[in-house]
Amino acid sequence: MKNGGMSLEKGSSKQLTIRSLVIGGFGSVVITTSSMYVALRMGALPWPTIFVAVMSLAILKALGRTNLNEINVTHTAMSSGAMVAGGLAFTIPGIWILEETSTVGFLSLLIVTLSGTVLGVVFTSLIRQHFVEKEKLPFPMGVASYETVVAGDEGGRKARYLFSTMGITAVFVAIRDGLGWIPAAWSSAWLYSKNIFFGTWISPMAVGIGYIIGPLFTGVWFLGAVLSYFFVIPVGVALGWFEDVASAAAFKDSLGIGLMVGTGLGILIKGILPRAKEIYGRSQKREKGRLGRKLILAPIFFAVVAVFLTTLTEMTLIPSLLTIVGVWLTTAMAASITGQSGINPMEVFGIIILLGVKVVSDIGTIEAFLVAGVVAVACGLAGDVLNDFKSGYLLKTDPKAQIIAETVGGIIGAVVSVVVLFIMFRAYGTMGPGTELPAPQAYAVSTMVGGLPNTPAFFFGLMIGILIYLIGLPGMTLGIGMYLPMEISSAAFLGGMISLISVKLNPKSKENGLVISSGLLGGEGITGVVLAIIRVLTGS
């Protein structure tokens with residue numbers, strides 16, 4: 001089938017090309033930059049799948065003589081940097097949240113990020129066949145990517161939606177954050193006086209995130225926020241359960257984090273450990289071709305990673321080895337939950353391994369964050385790789401071509417994400433709750449490193465999280481709502497409701513809505529980083 005100048009043969013041998021890697025590499029720079037900003041400001045990072053699929057489609061179609069597989073390989077390279085940035089943003093800022101004057105070197109963070117990237121690619125290569133081909137998990141974002149590319153974008157309509165939305169959002173954010181003519185958030189002073197901390201972030205990005213996630217998960221997310229900000233804090237303080245608002249907030253934060261960690265442990269206990277031999281051993285035996293033979297080199301990669309971590313970062317040998325083993329387990333956990341729900345709580349997996357390492361080894365503060373960083377980056381990339389593998393499986397794309405593209409995009413993303421993180425920290429000076437870069441996921445990690453505000457609440461949440469997962473309810477999403485600021489949760493919930501209503505009125509509007517939402521994320525994310533760079537250069 002042909003569409004304009006674009007050949008749309010599924011099985012074409014023209015897949016991994018120089019231009020696919022070049023375009024994918026440049027795209028990775030853009031997506032990584034945007035994603036770092038989104039993660040630090042929002043504490044949530046939806047998959048950039050639709051965004052990169054449309055961008056790859058538009059660029060390669062304009063260049064001509066392309067096909068579905070080359071497009072798929074290109075957006076595979078583009079998207080990988082986003083989840084690398086997410087893994088970094090969801091963990092490492094906790095170093096500065098605990099102590100603003102703490103120092104961690106650029107090289108150290110770069111090695112940590114590159115290590116997580118390499119481990120993520122290698123371990124995911126080992127489990128690809130089990131989760132994508134044998135289990136046939138849905139991987140909803142991978143399927144969405146497949147459907148977007150196959151649609152062929154007749155007339156370039158999706159590309160126009162994407163880039164026009166990005167432009168409009170960029171102007172809005174420049175007016176809001178650059179000129180200060182629009183407030184960043186709205187809140188009710190009357191409700192605040194009653195200890196009901198309700199408000200909403202005036203953010204296209206937050207609404208776009210809610211639309212992409214959908215009404216079910218944003219509804220559970222918002223339920224967690226309602227429980228925290230309409231019940232735990234105001235009712236708890238009024239009835240004397242807590243001495244003040246601060247102690248009530250400590251309780252709800254610890255409870256929310258416990259719910260998330262408990263859900264992660266539930267995945268490990270129920271879905272991974274009992275099937276570890278099946279997931280890893282069988283996939284290696286059944287994988288064929290040169291890709292399968294090259295996987296036997298994996299132990300060499302692990303040894304190299306351990307050497308680099310112990311010689312070029314603050315991590316010591318035992319924590320480094322335990323971290324690699326932890327990545328082995330958690331990438332499978334990320335595959336399972338991402339494949340079933342489309343959500344990848346990478347920082348929770350980092351917390352789980354961090355807690356395990358702390359039991360065995362006495363590690364320092366910065367070393368603890370680096371352990372979590374390696375795991376989160378690897379798990380973030382694993383989720384992205386497997387979504388791409390799902391679309392590749394449907395398109396019959398060569399897995400080797402996708403692995404190479406993912407590795408190239410991930411390495412570029414590792415470098416860019418560390419650079420952008422340092423720029424953002426230098427521009428804003430502080431990170432954490434109450435700042436312009438709340439980094440709520442990293443705050444969750446910092447509570448595990450620096451000491452939980454309320455230990456009983458954490459363990460109560462942990463047990464409830466395990467139970468909720470075992471009976472099939474989204475406890476992790478509920479926990480996210482409990483500890484994120486209400487302003488973020490309400491804005492995301494608005495997006496989820498827009499998605500629900502629009503699809504009810506016109507079921508065919510969902511795909512265009514995803515493209516528009518991706519433009520909202522891209523426009524605000526990229527503009528936010530540009531403003532941060534300007535702030536650094538001008539010193540304002």
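On a predicted model such as this, the values are computed, not experimentally measured, just so you know.
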Close side-chain approach of Val327 and Phe349, heavy atoms under 4.5 Å
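They are not in side-chain contact.
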Judged by modelled atom types alone, do Gln15 and Thr397 share a side-chain donor-acceptor pair under 3.5 Å?
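No.
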Would the distance check show the side chain of [X] and the main-chain N or O of [Y] forming a donor-acceptor pair, the cut-off being under 3.5 Å?
X      : Y      : result
Thr338 : Ala335 : no
Thr113 : Ala414 : no
Ser115 : Ile111 : yes
Ser417 : Ala85  : no
Ser56  : Ala53  : no
Ser336 : Met333 : no

Given Ile71, which of Thr66, Val52, Thr76 fulfils the side chain to side chain contact (heavy atoms under 4.5 Å, CB included) condition?
Thr66
Residue pair Ile127 / Ala332: nearest heavy atoms and the distance that separates them:
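In this case the closest contact between Ile127 and Ala332 is CD1-CA, 4.0 Å.
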Dump the intermediate steps for side-chain hydrogen bond (donor to acceptor under 3.5 Å, both in side chains) on Ser20 and Glu70, then the final yes or no.
CA-CA 7 Å; Ser20 70; Glu70 187 183 27; 5.2 Å; no
For the atom pair CE (Met482) and OG (Ser489), what is the distance rounded to the nearest 0.5 Å?
11.0 Å
